[in-house]
Amino acid sequence: MTDTARKQEILKAYQFRHACKSFDINRTISDDDFEFILETGRLSPSSFGLEPWKFVVVQDATLREKLKPVTPGAQGQLPTASHLLFVLARKENGLRFDSPHVTRMMKDIQRMPDDIAQFVSRMYNKFTEVELGGDGQLMYEWACKQSYIAMGNMMTAAAQVGIDSCPIEGIDREKVCELFVEEGIIDDNEFGVACLVAFGYRLEEPKRPKTRQSLNDIVVWR
């Protein structure tokens with residue numbers, strides 16, 4: 001495939017993607033395709049390479065039913081999505097420079113030599129103390145922002161293989177978190193709920209073509 005053709009394929013996926021309010025319940029994403037989508041989330045970039053996220057895929061019908069009262073923006077997607085994915089973001093406990101998570105990421109995952117790990121750790125500590133003011137809530141919000149990178153990459157990857165998606169912020173994050181704690185899914189001292197995205201196959205085509213501002217409206221060159 002030429003570079004031009006590859007670009008057109010990517011843009012075609014962006015044209016294809018739209019926010020599905022409900023999905024075709026008779027079509028299910030294959031395990032192979034959904035693993036591909038998750039892999040693009042796993043490979044997404046993150047600040048300092050700390051991957052401050054976790055993905056919770058909710059397929060259990062009973063749990064989806066329990067989620068209905070606390071996810072008002074997902075009433076159409078909850079019962080119809082092939083796969084329902086909550087993206088979690090790490091809280092302060094896992095983001096301090098000397099936390100087990102940060103230490104593990106630098107030493108075990110990124111395999112930094114000790115001297116490099118110590119240098120990066122000092123830089124990271126300075127960032128969290130100066131840029132984020134050592135504030136735990138700001139650290140969590142910083143992690144949430146990064147989680148959206150992973151979510152966006154998964155949505156784009158899905159579109160490239162003909163799978164629909166819908167990002168959903170109309171959820172009560174605290175209540176969802178409480179439910180996940182009750183179900184033994186997460187430790188709320190470590191993670192909070194950042195966002196929800198539903199995946200599946202569209203039930204019908206969009207009622208109108210995709211509309212966006214022109215590049216001239218949104219890009220400034222200097």
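Only this structure's heavy atoms are used, side chains among them; waters, hydrogens and symmetry mates stay out.
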Novice: Let me see the working for K66 and L179 under side-chain contact (heavy atoms from CB on, under 4.5 Å), right down to the final yes or no.
Specialist: CA-CA 8 Å; K66 291 180 181 179; L179 178 58; 3.9 Å; yes
Novice: Does any N or O in the side chain of S46 come within less than 3.5 Å of the main-chain N or O of L50, such that one atom is a donor and the other an acceptor?
Specialist: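 It does hold such a pair.
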Novice: Listing request: all side-chain hydrogen bond (donor to acceptor under 3.5 Å, both in side chains) pairs with a residue in residues 196-222, at least two apart in sequence or in separate chains.
Specialist: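 side-chain hydrogen bond (donor to acceptor under 3.5 Å, both in side chains) check on residues 196-222 returns D164-R202, R202-E205, E204-K207, S214-D217.
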Novice: Does CZ in F127 sit with more than 12 non-hydrogen atoms of other residues, nucleotides or ligands closer than 6.0 Å?
Specialist: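 Counting other residues, nucleotides and ligands, CZ of F127 exceeds 12 neighbours.
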Novice: Which pairs of donor and acceptor atoms, one on a side chain in residues 79-86, lie under 3.5 Å apart (sequence neighbours left out)?
Specialist:
residue	atom	partner	partner atom	Å
T80	OG1	F23	N	3.0
T80	OG1	G76	O	2.7
S82	OG	I29	N	2.9

Novice: With sequence neighbours left out, write down each residue that passes side-chain hydrogen bond (donor to acceptor under 3.5 Å, both in side chains) with R104, or none if nothing qualifies.
Specialist: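 Partners of R104 by the side-chain hydrogen bond (donor to acceptor under 3.5 Å, both in side chains) criterion come out as none, since no residue qualifies.
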Novice: Near L215 CG, under 6.0 Å, is it more than 12 heavy atoms from other residues, nucleotides or ligands?
Specialist: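 No.
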Novice: How close do Q146 and S47 get, counting heavy atoms only, and between which atoms?
Specialist: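 Closest heavy-atom pair between Q146 and S47: OE1-N, 2.6 Å.
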Novice: Are R42 and E39 ion-paired here, with the side-chain N under 4.0 Å from a carboxylate O?
Specialist: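 Salt bridge flag = yes for E39 with R42.
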Novice: Answer yes or no: is there a side-chain heavy-atom contact under 4.5 Å between Q75 and K68?
Specialist: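 Sidechains of K68 and Q75: in contact.
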Novice: How many angstroms lie between CD in E9 and CZ in F16, if you round to the nearest 0.5 Å?
Specialist: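 So the CD of E9 and the CZ of F16 are separated by 12.5 Å.
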Novice: Is a side-chain N or O of E183 found less than 3.5 angstrom from the main chain of L63, in a donor-acceptor match?
Specialist: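 No.
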Novice: Determine whether a donor-acceptor pair (N or O, by modelled atom type, separation under 3.5 Å) exists between the side chain of S44 and the backbone of G41.
Specialist: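 At least one qualifying donor-acceptor pair exists.
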Novice: Does a salt bridge link K126 with E131, judged by any charged N lying under 4.0 Å from a carboxylate O?
Specialist: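 Looking at E131 together with K126, the answer is no, because their closest N to O distance does not fall below 4.0 Å.
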Novice: Taking only Lys NZ, Arg NE, NH1 and NH2, and the carboxylate oxygens of Asp or Glu, determine whether R6 and D3 approach each other closer than 4.0 Å.
Specialist: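 Answer for the salt bridge query: yes.
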Novice: With the threshold set at 4.0 Å, does a side-chain nitrogen-carboxylate oxygen contact exist between R90 and E190?
Specialist: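 So R90 pairs with E190 through a salt bridge.
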Novice: Quick check against the 3.5 Å criterion: does S147 have a side-chain atom that pairs as donor or acceptor with the backbone of C144?
Specialist: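 Yes, because the side chain of S147 sits within donor-acceptor range (under 3.5 Å) of the backbone of C144.
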Novice: Does a side chain donor of either N153 or T40 reach within less than 3.5 Å of an acceptor in the other side chain?
Specialist: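 No pair is found: no donor N or O on one side chain lies under 3.5 Å from an acceptor on the other.
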Novice: Salt bridge between E129 and R96, side-chain N to carboxylate O under 4.0 Å?
Specialist: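 Result for this pair is yes, salt bridge flagged.
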